[in-house]
Asker: 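Pasting a structure below so you can have a look.
Remember, predicted model here, so these are calculated numbers, not experimental data.
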Amino acid sequence: MIREAGKDDLEQMLELYLHLHEESIPEHDAHLQDVWEQIMADKNYHVIVCEIDGKIVSSCCCIIIPNLTHNVRPFALVEYVVTHEDYRGRGYASSCLAKAKEIAVSENCYKIMLMTGSKKESTLNFYRNAGYSSDDKTGFNQKL
């Protein structure tokens, strides 16, 4: 089932992010809870999940960003595309990305942006097959 995450999904999301790039689950403190509540309350922040038998196995985030250009149309940023390693290759992340696109279209976005740190050809081909192109833009990143 593809759906947007709810307030009760925090623990499963933190566990899933161990399959992205996190090395440990952060301490469950007031700051963590505040950030999760901010995300859940933000109408422009969509945490999309794929749930199989009650377990979140794949996810991505789609953030809608208001914009003054392109006829005052927003754009979408997709981040944190991840699938639990035991569930990869089954189309779950593709389904999450399709839901992100559906949200972006419904919000009248003029584009969706996605960046990956992966250089693996299989990962790059996954994004190409999902409709993303690396031909027309150059991405830069500055760590803070």
Asker: If Ile, Leu, Val, Met, Phe, Trp and Tyr residues are connected whenever their side-chain heavy atoms lie under 4.5 Å apart, and connections chain through other members, are Ile65 and Tyr45 in the same group?
Answerer: yes
Asker: To the nearest 0.5 Å, tell me how far His46 NE2 sits from Ile39 CD1.
Answerer: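 Between His46 NE2 and Ile39 CD1, I get 12.5 Å after rounding to 0.5 Å.
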Asker: Using links of under 4.5 Å between side-chain heavy atoms of ILVMFWY residues, direct or through other members, which residues join Leu114 in one cluster?
Answerer: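 Leu114 shares its hydrophobic cluster with Val78, Val81, Leu97, Ile112, Phe126, Tyr127, Tyr132.
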Asker: Between Val47 and Cys61, which heavy-atom pair has the shortest distance, and what is it?
Answerer: CG2-SG, 4.1 Å
Asker: Using every non-hydrogen atom in the two residues, find where Met13 and Ser59 come nearest and quote the distance to one decimal.
Answerer: CE-OG, 3.3 Å
Asker: With Leu10 as reference, evaluate Met40, Gln33, Glu37 under the side-chain contact (heavy atoms from CB on, under 4.5 Å) test and give the passing residue.
Answerer: Gln33
Asker: With a 3.5 Å cut-off and no angle check, do the side chains of Glu15 and His84 form a donor-acceptor pair?
Answerer: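 No, no side-chain donor-acceptor contact under 3.5 Å.
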Asker: Measure across Asn108 and Arg73 and return the closest heavy-atom pair with its distance rounded to 0.1 Å.
Answerer: O-NE, 3.0 Å
Asker: Leu16, Leu32: one ILVMFWY side-chain cluster at the under-4.5 Å cut-off?
Answerer: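 In one cluster: yes.
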Asker: Give a yes or no on this: more than 12 heavy atoms of other residues, nucleotides or ligands lie within 6.0 Å of atom CG of Asp53.
Answerer: no
Asker: Atom CG of Asn44 and atom CD of Glu107: how far apart are they, to the nearest 0.5 Å?
Answerer: 6.5 Å
Asker: Are Glu85 and Arg88 within salt-bridge range, i.e. N to O under 4.0 Å?
Answerer: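 Between Arg88 and Glu85 there is no salt bridge, as every charged N stays at least 4.0 Å from the carboxylate O atoms.
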Asker: Do the side chains of Phe75 and Met115 join up, straight or via other hydrophobic residues, at under 4.5 Å, putting them in one cluster?
Answerer: no
Asker: Is any side-chain heavy atom of Tyr17 closer than 4.5 Å to a side-chain heavy atom of Ile25?
Answerer: no
Asker: Give me the ring orientation class for Tyr80 and His21: parallel if the planes are under 30° apart, tilted from 30 to 60°, perpendicular past 60°.
Answerer: perpendicular
Asker: Closest heavy-atom contact between Glu23 and Leu18?
Answerer: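 Closest approach of Glu23 to Leu18, heavy atoms only: C-CD2, 3.8 Å.
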Asker: With side chain to side chain contact (heavy atoms under 4.5 Å, CB included) as the test, would you mind laying out the steps for Cys60 and Cys96 before giving the verdict?
Answerer: CA-CA 6 Å; Cys60 72; Cys96 289; 3.9 Å; yes
Asker: If you round to the nearest 0.5 Å, how far is CD1 of Ile48 from OG of Ser58?
Answerer: 10.0 Å
Asker: Any Lys/Arg nitrogen of Asp9 or Arg3 sitting under 4.0 Å from an Asp/Glu carboxylate oxygen of the other?
Answerer: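 Salt bridge between Asp9 and Arg3, a charged N being under 4.0 Å from a carboxylate O: yes.
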Asker: From Asn141 CG over to Leu144 CG, what is the distance, rounded to the nearest 0.5 angstrom?
Answerer: 8.5 Å
Asker: Rounded to the nearest 0.5 Å, what's the gap from CD1 on Ile63 to CG on Leu77? Could you check?
Answerer: 5.0 Å
Asker: If you group Ile, Leu, Val, Met, Phe, Trp and Tyr by side-chain heavy-atom gaps below 4.5 Å, do Leu124 and Val82 land in one group?
Answerer: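 No, it is not one cluster - the side chains of Leu124 and Val82 are not joined through contacts under 4.5 Å.
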Asker: In the structure I gave you, are the side-chain heavy atoms of Cys50 and Ile56 within less than 4.5 Å of one another anywhere?
Answerer: no
Asker: Decide, yes or no, whether a salt bridge links Glu121 with Arg128 under the criterion of side-chain N to carboxylate O below 4.0 Å.
Answerer: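 Between Arg128 and Glu121 there is a salt bridge, with a charged N closer than 4.0 Å to a carboxylate O.
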Asker: Show which residues join Ile52 in its hydrophobic cluster (side-chain heavy-atom contacts under 4.5 Å, direct or indirect), or state none.
Answerer: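 When side chains under 4.5 Å apart are linked, the cluster holding Ile52 also contains Val57, Tyr87, Tyr92.
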Asker: How far apart are the closest heavy atoms of Cys62 and Ile103, and which atoms are they?
Answerer: SG-CG2, 4.4 Å
